[in-house]
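Take a look at the structure set out below.
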Amino acid sequence: MAFTHRLLHLLFIFSIFHLSLGARRLTELVQDSSNLLHYHNGPLLTGKISVNFIWYGAFKPSQKAIVSDFISSLSTKSPVEPSVATWWKTTEKYHTKSTPSLSLRLGKHISDDSYSLGKSLTDEHLVQLASQGESYDAVNVVLTASDVAVDGFCSSRCGSHGSASGSKLKHVKGKNYKFAYIWVGNSETQCPGQCAWPFHQPIYGPQAAPLVAPNNDVGMDGLVINLGSLLAGTATNPFGNGYYQGDADAPLEAAFACSGVYAKGAYPGYAGDLLVDSTTGASYNAHGTNGRKYLLPALYDPSTSKCSTLV
């Protein structure tokens, strides 16, 4: 099955190596770069899109709720700012006035807690799992449990996004339409220092105390960070010919351009001046539905040519 594959590079490694490999600051990624992310004339995600989840492996109901509430928060105005919905609005700036806006909604859930493909997955397995979701007007998200190994997980990526032609997808007017998909792994037991930073002690670079996770789950709070990054990349570069810079197989996208930045004052090894819950001590920068709090990455704002943060 043909598909375009894009990597979510280790966000923490990106942030610390900007310091150690060339002494580049994070902000230098977007200095004097009015066209940092180039448009490659392809379609963006528009209209009403459902986000469907394929839960592969064992997930607690509380863990599923963390992620489900995050998706619901994207399109639900929070009574408290800064909010997840406000964070997501930055992706709207990649659309022109002539293109329909994007509206995401929580779709269906498919659980595979029997590990039908085993506990060691390839990219082909990920596409196979993603194909179980909807094939039209959808983004299918495969989430793998903490005891599932995936090719490249921890060593070169925390997740990925791409597109594929689903077997359930009909040819419309002679065209073979593709669906977009995302994969993210729960890094709690395999590599939290890489894929759940800043909620875990880093394995490289400046050593600072880990932050308290806002939903009291290091693995899932880290997963939300990576999911948010990939969702922004999917919205603005769903089929490999949208907005990005560099190699199409490993592009610099809306969130990756601001890797390691979560608030103003960020520098390598420091996420920025975040909000802190007075009761739990948890660090966050966005309010969501059902009283949730989340930590979300900065997104590159094409209207200002800078990384946009909520706080």
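If you're wondering where the values come from, they're calculated on a predicted model, not measured in any experiment. What's counted below: heavy atoms across the whole structure, side chains too, no hydrogens, waters or symmetry copies.
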Intermediate values then yes/no, salt bridge (charged side-chain N to carboxylate O under 4.0 Å, His left out), Asp123 and Arg157: CA-CA 12 Å; Asp123 289 328; Arg157 57 181 180 168; 2.7 Å; yes
Leu275 vs Asn285, side-chain contact (heavy atoms from CB on, under 4.5 Å): CA-CA, chis, key distance, verdict: CA-CA 6 Å; Leu275 301 175; Asn285 59 9; 5.6 Å; no
Which atom names give the shortest non-hydrogen contact between [X] and [Y], and what distance separates them?
{"X": "Thr236", "Y": "Ala254", "answer": "OG1-CB, 4.0 Å"}
{"X": "Leu295", "Y": "Ser283", "answer": "CB-O, 4.5 Å"}
{"X": "Ser68", "Y": "Leu106", "answer": "CB-CD2, 4.0 Å"}
{"X": "Ala235", "Y": "Leu44", "answer": "O-CB, 3.7 Å"}
{"X": "Pro214", "Y": "Asp221", "answer": "CG-OD1, 3.4 Å"}

Using 0.5 Å steps for rounding, measure from the [atom1] atom of [X] to the [atom2] atom of [Y].
{"X": "Leu230", "Y": "His161", "atom1": "CG", "atom2": "NE2", "value": "6.0 Å"}
{"X": "Lys60", "Y": "Ile66", "atom1": "NZ", "atom2": "CD1", "value": "9.5 Å"}
{"X": "Cys158", "Y": "Ile225", "atom1": "SG", "atom2": "CD1", "value": "10.0 Å"}

Sequence neighbours left out, what passes side-chain contact (heavy atoms from CB on, under 4.5 Å) with [X]? Give chain and number order.
{"X": "Pro43", "answer": "Phe239, Asn241"}
{"X": "Ala130", "answer": "Asn140, Val142, Phe179, Tyr181"}
{"X": "Gln201", "answer": "Gln207, Pro210"}

Pairs of donor and acceptor atoms involving the side chains of residues 145-153, under 3.5 Å and at least two apart or interchain, shall be tabulated with distances.
residue	atom	partner	partner atom	Å
Asp147	OD1	Tyr115	OH	3.0
Asp147	OD2	Tyr115	OH	2.8
Asp147	OD2	Lys119	NZ	3.2

Which residues pass the side-chain hydrogen bond (donor to acceptor under 3.5 Å, both in side chains) test with [X], sequence neighbours left out?
{"X": "Glu81", "answer": "Ser83, Thr86"}
{"X": "Lys48", "answer": "none"}
{"X": "Asp112", "answer": "Ser114, Ser116"}
{"X": "Thr279", "answer": "none"}

SG-SG under 2.5 Å, Cys258 vs Cys307: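 Cys258 pairs with Cys307 as a disulfide (SG atoms under 2.5 Å apart), so yes.
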Pairing donors with acceptors under 3.5 angstrom, does anything connect the side chains of [X] and [Y]?
{"X": "His109", "Y": "Trp55", "answer": "yes"}
{"X": "Gln194", "Y": "His200", "answer": "no"}
{"X": "Glu253", "Y": "Asn237", "answer": "yes"}

Step-by-step side-chain contact (heavy atoms from CB on, under 4.5 Å) determination, Leu36 to Tyr300: CA-CA 9 Å; Leu36 176 66; Tyr300 181 74; 3.4 Å; yes
Once ring-ring contact (aromatic ring centres under 6.0 Å, His included) is applied, do any residues pair with [X], and if so which ones, sequence neighbours excluded?
{"X": "Phe199", "result": "none"}
{"X": "His287", "result": "Tyr284"}
{"X": "His40", "result": "Tyr244"}

Residue pairs involving residues 277-304 (criterion salt bridge (charged side-chain N to carboxylate O under 4.0 Å, His left out); sequence neighbours excluded):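 Applying salt bridge (charged side-chain N to carboxylate O under 4.0 Å, His left out) to every pair that reaches into residues 277-304, excluding sequence neighbours, yields Asp69-Arg292, Lys93-Asp301, Asp277-Lys293.
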Test log, rule side-chain contact (heavy atoms from CB on, under 4.5 Å), inputs Trp183 and Leu129: CA-CA 10 Å; Trp183 157 69; Leu129 291 168; over 6 Å; no
Chi angles and distances behind the side-chain contact (heavy atoms from CB on, under 4.5 Å) call for Glu188, Val218: CA-CA 6 Å; Glu188 180 182 12; Val218 169; 5.5 Å; no
Heavy atoms from other residues, nucleotides or ligands near CG of Asp137 exceed 12 (cutoff 6.0 Å):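 Check passes, neighbour count above 12.
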